[in-house]
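Taking it in order: structure first as structure tokens, then the write-up.
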4 protein chains.
Amino acid sequence: MQRTLARRLQAAVIGDSDPPGHVVRMAEEAGRLLARLGITVVCGGLGGVMEGVSRGAREAGGLVIGIVPSSRLEDANPWCSVVIPTGMGHGRNVLTALAGDFVVALGGGAGTLSEICFAWIHGRPIFVLTGAGGWADRLGGKALDARSSSTVRACASLEELERALREAFGALLQG
Amino acid sequence: MQRTLARRLQAAVIGDSDPPGHVVRMAEEAGRLLARLGITVVCGGLGGVMEGVSRGAREAGGLVIGIVPSSRLEDANPWCSVVIPTGMGHGRNVLTALAGDFVVALGGGAGTLSEICFAWIHGRPIFVLTGAGGWADRLGGKALDARSSSTVRACASLEELERALREAFGALLQG
Amino acid sequence: MQRTLARRLQAAVIGDSDPPGHVVRMAEEAGRLLARLGITVVCGGLGGVMEGVSRGAREAGGLVIGIVPSSRLEDANPWCSVVIPTGMGHGRNVLTALAGDFVVALGGGAGTLSEICFAWIHGRPIFVLTGAGGWADRLGGKALDARSSSTVRACASLEELERALREAFGALLQG
Amino acid sequence: MQRTLARRLQAAVIGDSDPPGHVVRMAEEAGRLLARLGITVVCGGLGGVMEGVSRGAREAGGLVIGIVPSSRLEDANPWCSVVIPTGMGHGRNVLTALAGDFVVALGGGAGTLSEICFAWIHGRPIFVLTGAGGWADRLGGKALDARSSSTVRACASLEELERALREAFGALLQG
């Protein structure tokens with residue numbers, strides 16, 4: 001019975017707050033895919049990639065958690081099902097990275113890169129959806145350092161991301 | 001349409017990890033009540049009051065978020081729908097307090113008291129369910145300092161808590 | 001030789017940012033005493049008790065560390081020898097409490113009380129300088145919960161505080 | 001008079017906890033240089049580059065602050081003048097980065113890279129001492145993202161680092 005109660009897989013989805021429009025659309029598609037697979041989406045709760053993935057997941061019936069930098073519940077984008085205010089500013093990036101069984105990165109500047117670092121250090125598998133530029137594209141398939149705690153897998157399309165997730169998490173997924 | 005997407009009210013429920021059995025049962029009842037009112041329960045994700053409120057809410061069909069001190073998703077009690085690992089130890093108490101539109105406290109030692117302090121500082125309304133001893137019982141109806149940022153309302157029963165929540169949040173509740 | 005390099009004792013001094021003038025003067029005297037005993041003062045780096053203890057310690061030739069809520073080095077009071085910005089808001093209170101081999105509390109509202117809680121949880125001995133009101137006065141000689149991790153010793157004067165510190169830390173003190 | 005009390009410049013020095021011996025020696029030399037220039041050294045307080053820079057600075061009469069991941073004052077290397085325990089694990093990296101008026105990086109894996117990211121985001125100037133490998137070498141002279149909040153200046157030797165610091169901070173330095 002515990003089994004039916006256990007939490008669903010959690011994906012931390014990370015990326016810029018102000019990316020080009022096509023990257024927001026990629027994030028939206030990724031959110032839709034994750035929701036369809038029964039995966040809870042966790043993100044930084046603000047705009048850009050965060051809002052894209054939130055909207056996509058929520059519209060597909062998924063659950064979305066936004067971990068925001070401020071101490072105000074009101075500061076999240078309107079697609080978050082639950083808001084976790086931190087009052088820690090950019091320091092909340094370590095929390096976003098930790099909140100996934102795995103991480104999905106798109107594009108990304110220094111903030112996203114710090115989250116990739118924390119995911120790497122804490123052994124969270126990292127999947128990058130390439131084609132959005134930024135650090136995600138540059139790090140696909142690479143190691144961040146000599147630790148072999150994690151992996152960075154480059155996925156050139158949503159189909160490839162879905163295949164990679166099925167390979168990694170198989171029976172834990174829906175659909 | 002935004003309206004139907006907006007997140008539900010969030011209650012941060014706080015209390016000891018190792019209280020007497022009747023306090024765990026109070027927490028369980030509180031969880032059940034909150035779930036019935038359509039309120040998301042956030043807690044520290046571990047045992048005692050945290051596990052009690054998680055089980056109660058989850059069995060009543062509610063959503064439960066556990067913000068745990070370690071960096072491991074596995075460390076939460078099995079009733080959490082979503083786990084937010086922090087790696088911050090007791091420092092995560094500030095996050096638990098911030099994660100509620102309001103706070104419900106039962107019993108409690110120094111950890112719970114630190115959460116009541118942060119809830120007070122950040123203006124989250126505090127409801128104490130009396131009868132569990134600890135700091136919650138002692139602070140009911142009192143002010144923590146000269147700030148008038150928040151209130152501590154003592155509720156002697158679940159019925160009184162429900163009335164107080166209906167008064168405070170009326171139309172935002174279900175049922 | 002290591003011995004001569006080892007760090008000095010550290011006191012975390014906590015209290016309100018906006019207390020009555022006589023409490024600021026008490027903090028200043030406490031800072032002077034701690035510096036004279038060769039103890040590094042750590043505090044929240046802002047005004048009131050924090051500024052008082054910083055000025056007192058610095059004028060007596062001591063070292064003062066200010067752990068401030070913002071991410072800006074400029075936000076500390078001008079008496080800090082070193083500033084540790086946190087960007088964590090009130091969440092930095094856990095850091096202030098941890099930064100002392102022991103804690104000295106004067107007066108205090110909810111913020112100070114949260115620091116006393118964290119000092120208690122982490123086993124830092126707590127000395128309250130009574131006569132400043134607030135939570136420090138109320139908690140002198142009391143236990144915060146059933147843990148016996150720490151103690152709260154009430155000192156009615158600077159002389160009594162000095163005696164208590166000599167008793168507790170003897171050979172580690174100067175002068 | 002305030003002027004003579006004001007704090008000294010602070011350098012956050014970052015790098016691996018387990019680098020090759022020559023990198024530790026570079027860190028030691030860097031510590032010596034910073035102390036000679038009257039700059040307070042802040043670091044992560046543990047081994048490797050952190051211990052090297054601590055020893056160098058301390059032996060040259062400087063002040064060294066160690067911001068450690070655990071909640072224990074005892075966990076710092078023995079060259080720290082002051083220890084700031086955080087209990088935040090790798091999350092303390094944001095604090096290390098914030099604690100410098102500028103950052104000096106040597107070598108470095110994912111942890112150091114996360115600190116470079118936070119320094120960049122918060123506009124702290126970054127100086128990399130090249131020749132130690134790792135992320136510091138790779139990022140010298142580059143931008144982390146489109147923000148122009150900070151700069152990463154590559155210095156091929158201690159002499160070049162000293163020149164760069166004199167250029168940047170001139171009259172604020174000693175010696």
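Heavy-atom basis, side chains included; hydrogens, waters and symmetry copies ignored. Naming convention: chains lettered A, B, ... in sequence-line order (proteins, then strands); numbering from 1 in each chain.
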Could you tabulate the donor-acceptor pairs under 3.5 Å formed by side-chain atoms of residues 163-175 of chain C, not counting sequence neighbours?
residue, atom, partner, partner atom, Å
C/Arg166, NE, C/Glu162, OE2, 3.3
C/Arg166, NH2, C/Glu162, OE2, 3.1
C/Glu167, OE1, C/Arg153, NH1, 3.0

Side chains of residues 46-53 of chain C: which donor-acceptor pairs under 3.5 Å do they make with residues two or more places apart or in other chains?
none

- Inter-chain contacts: residues 109-146 of chain C against chain A, heavy atoms under 4.5 Å: none
- Message: I need the contact set between residues 82-107 of chain C and chain A: heavy-atom distance under 4.5 Å, sorted by residue number.
- Response: C/Gly87, C/Met88, C/Gly89
